[in-house]
Amino acid sequence: MTDETLLSARKLSLSYGMLPALVDVDVDLWPGEMLAVVGESGSGKTTLLNVLSGRLAPDAGAVWYRDPDGHLHDVHAMPAPALRTLHRSDWGFVHQDPRQNLRMNVTAGGNVGERLMAQGARHYGSIREQAIDWLTQVEIDAGRIDDMPRTFSGGMLQRLQIARTLVTHPRLVFMDEPTGSLDVSVQARLLDLIRSLVTRLNIAVVLVTHDIGVARLLAHRIIVMQRGRVVETGLTDQVLDDPQHPYTQLLVSSVLHA
Amino acid sequence: MKGYNFAYLDEQTKRMIRRALLKAVAIPGHQVPFGSREMPLPYGWGTGGIQVTASVLGAGDVLKVIDQGADDTTNAVSIRRFFARTAGVHTTTRTADATVIQTRHRIPEQTLRDDQIIVYQVPQPEPLYRLESSRIETRRMHALADYGLMHVKLYEDIARFGQISISYDYPVMVNRRHLMSPSPIPAFDNPKLHRMPTLQLFGAGREKRIYAIPPWTEVRSLDFDDHPFRPIRAPHPCGLCGATDSYLDEVVIDDRGGRLFVCSDTDHCAERRAAGHVGTEGLKEAAE
């Protein structure tokens with residue numbers, strides 16, 4: 001691990017009217033690292049993700065991103081075209097509901113190829129080849145490349161969304177409850193898939209989840225949030241095995257052990 | 001004509017449209033909003049084209065109006081008569097004699113010159129409208145030159161049909177920057193847009209947009225490296241003039257499956273026949 005962070009946020013604050021969603025939040029993310037943001041509903045997890053990815057402007061504070069050449073960019077001061085370029089090349093976003101990200105009236109191959117074509121790929125054969133390659137990597141049968149996403153199951157849709165996001169080899173992926181709407185057995189397979197892909201491609205991930213189990217399985221480090229504040233942060237095993245803050249203790253003790 | 005300003009529109013309106021035209025020429029392929037007026041013909045019949053024509057027409061101009069290549073259809077005849085009466089300009093059906101050509105869905109076969117202006121009637125100026133329903137979003141996509149979605153459509157066509165199945169209104173990239181709808185001209189006419197010496201103006205009356213391609217501008221039809229753009233043409237010679245390089249209309253001539261392919265550009269066909277070219281149908285007539 002290098003000293004240089006990929007993404008840094010300092011003193012992020014944002015409130016919805018009287019309701020504080022983020023209070024003085026600091027985040028650091030190093031290349032190739034998986035960072036889990038956990039907390040109960042309404043603790044500001046998703047708001048934090050949206051602010052980090054530049055989709056939502058904070059009231060105060062700044063988010064810095066280091067590009068491959070080592071230059072720092074203030075995400076919220078970037079011109080819109082540059083941010084858009086970042087979002088469709090270096091960054092990726094995986095939603096809880098794959099239907100938000102996928103084009104449901106476009107075939108699986110078209111969905112995977114869109115980011116390539118947006119980057120200027122103009123060779124049909126090679127776009128298709130990469131689409132097949134990625135469908136195979138996320139364990140979707142290559143023969144389904146010309147099928148519509150509406151014929152896919154929930155787990156397949158989520159894997160298709162991951163293929164679509166990772167096809168451009170992003171360095172940083174934001175995931176918002178990627179396993180939230182899936183049943184447990186499908187969840188386990190998907191988590192396994194995400195872990196192996198992310199490790200192999202050395203992608204940094206900010207993962208928002210309310211599921212401690214998901215965080216323990218995937219994340220290197222963890223941030224625990226409560227009412228917009230970071231109450232505890234550290235290595236995943238350390239935080240979960242020896243929680244210091246009362247809220248974290250409550251959170252860990254409330255998990256059912258099967 | 002008494003009681004009307006020259007070319008129907010008042011001078012303030014023409015001024016407003018000319019300003020929009022100047023902006024459109026300055027940013028090739030970019031859609032410029034304008035205050036489209038009520039015209040004495042219904043939307044979809046060329047209200048945009050007719051306003052642009054009224055704004056660029058001078059007393060010395062010679063006007064030609066074509067509708068799907070033909071000079072003698074209702075739309076062409078009535079717009080031509082409209083300007084003959086309200087502006088008193090000369091009208092013609094000969095492409096070479098015209099200085100302003102208003103067209104619906106075709107570009108004349110004859111190569112146009114740099115002292116002519118061609119005005120297109122446009123029903124839908126937004127090339128992305130079938131793919132992205134929000135105009136706010138399509139405007140953002142134009143601003144950021146984010147045209148991956150259009151290629152997704154082409155990809156889908158090849159994946160499903162083995163080829164790009166757009167036969168008219170084939171999207172083009174103007175000056176390597178703006179994605180543009182060429183109006184519903186056949187894809188066959190798309191190559192003529194590229195580096196045309198003529199000023200090309202596009203008017204969409206209902207959608208209240210004007211755009212333009214200045215002379216000699218690069219206009220590329222979208223395609224893939226391994227699936228290049230192909231203009232589509234019916235594989236027949238013209239039945240009347242025998243032309244093998246013009247765009248053809250298919251005409252049903254009887255109820256026993258009889259078909260006749262003729263040039264869609266009536267002026268081109270007539271001139272070829274006047275020059276002595278005869279097609280198979282013409283030979284039959286001569287034999288009878």
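Here is how names work: the chains are called A, B, and so on, in the same order as the sequence lines, proteins then strands, and each is numbered from 1. The model shown is predicted, which means the values in this text are computed figures rather than measured ones.
Annotation for Arg150(A): atom CZ does not count as buried by contact number, only 12 or fewer foreign heavy atoms lying within 6.0 Å. The number of heavy-atom neighbours closer than 6.0 Å to CZ of Arg135(B), taken from other residues, nucleotides and ligands shown, is above 12. The 12-atom threshold is not exceeded at CZ of Arg176(B), counting heavy atoms of other residues, nucleotides or ligands nearer than 6.0 Å. Sparse packing is recorded around NZ of Lys23(B), with 12 or fewer heavy atoms of other residues, nucleotides or ligands lying under 6.0 Å away. Within a 6.0 Å sphere centred on CZ of Arg139(B), heavy atoms belonging to other residues, nucleotides or ligands number 12 at most. With a 6.0 Å radius and a threshold of 12 heavy atoms from other residues, nucleotides or ligands, Arg230(B) has its CZ atom at or below the threshold. Counting non-hydrogen atoms of other residues, nucleotides and ligands closer than 6.0 Å to CZ of Phe229(B) gives a total above 12. The number of heavy atoms from other shown groups lying within 6.0 Å of CZ (Arg15(B)) does not exceed 12.
When heavy atoms are compared at a cutoff of 4.5 Å, Ile145(A) approaches chain B solely by way of its side chain, counted from C-beta outward. For His227(B), the part lying near chain A is the side chain, with the backbone staying farther off; criterion is any non-hydrogen pair under 4.5 Å. Proximity to chain A involves both the backbone and the side chain of Tyr155(B), based on heavy atoms less than 4.5 angstrom apart. With a threshold of 4.5 angstrom between heavy atoms, Arg115(A) does not approach chain B through any atom at all. Interface remark: Asn111(A) contributes no atoms to any contact with chain B (heavy atom separation under 4.5 Å).
Residues Leu144(B) and Ala80(A) share a closest heavy-atom pair of CD2-C, 4.3 Å.
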Practice prompt. Kindly indicate, with the supporting measurements, whether the criterion side-chain contact (heavy atoms from CB on, under 4.5 Å) is fulfilled by Arg103(A) and Leu149(B).
Written response: CA-CA 10 Å; Arg103(A) 294 188 188 280; Leu149(B) 187 56; 3.4 Å; yes

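Side-chain contact check for Met141(B) versus Arg84(A): some heavy-atom pair is nearer than 4.5 Å. With a 4.5 Å cut-off on side-chain heavy atoms, Ile127(A) and His151(B) do not count as touching. Within the 4.5 Å cutoff, the side chain of Met117(A) has no heavy atoms near those of the Leu154(B) side chain.
Judged by distance alone, with hydrogens and angles left aside, the side-chain atoms of Asp226(B) form no donor-acceptor pair with the main-chain N or O of His123(A) at under 3.5 Å. Of the possible donor and acceptor atoms, one in the side chain of Glu156(B) sits under 3.5 Å from a partner among the backbone N and O of Thr107(A).
Contact tally against chain B (heavy-atom pairs below 4.5 Å) for Gly110(A), Ala118(A), Pro81(A): the top residue is Gly110(A).
How far CZ of Arg88(A) is from CG of Asp146(B): 4.0 Å, rounded to the nearest 0.5 Å.
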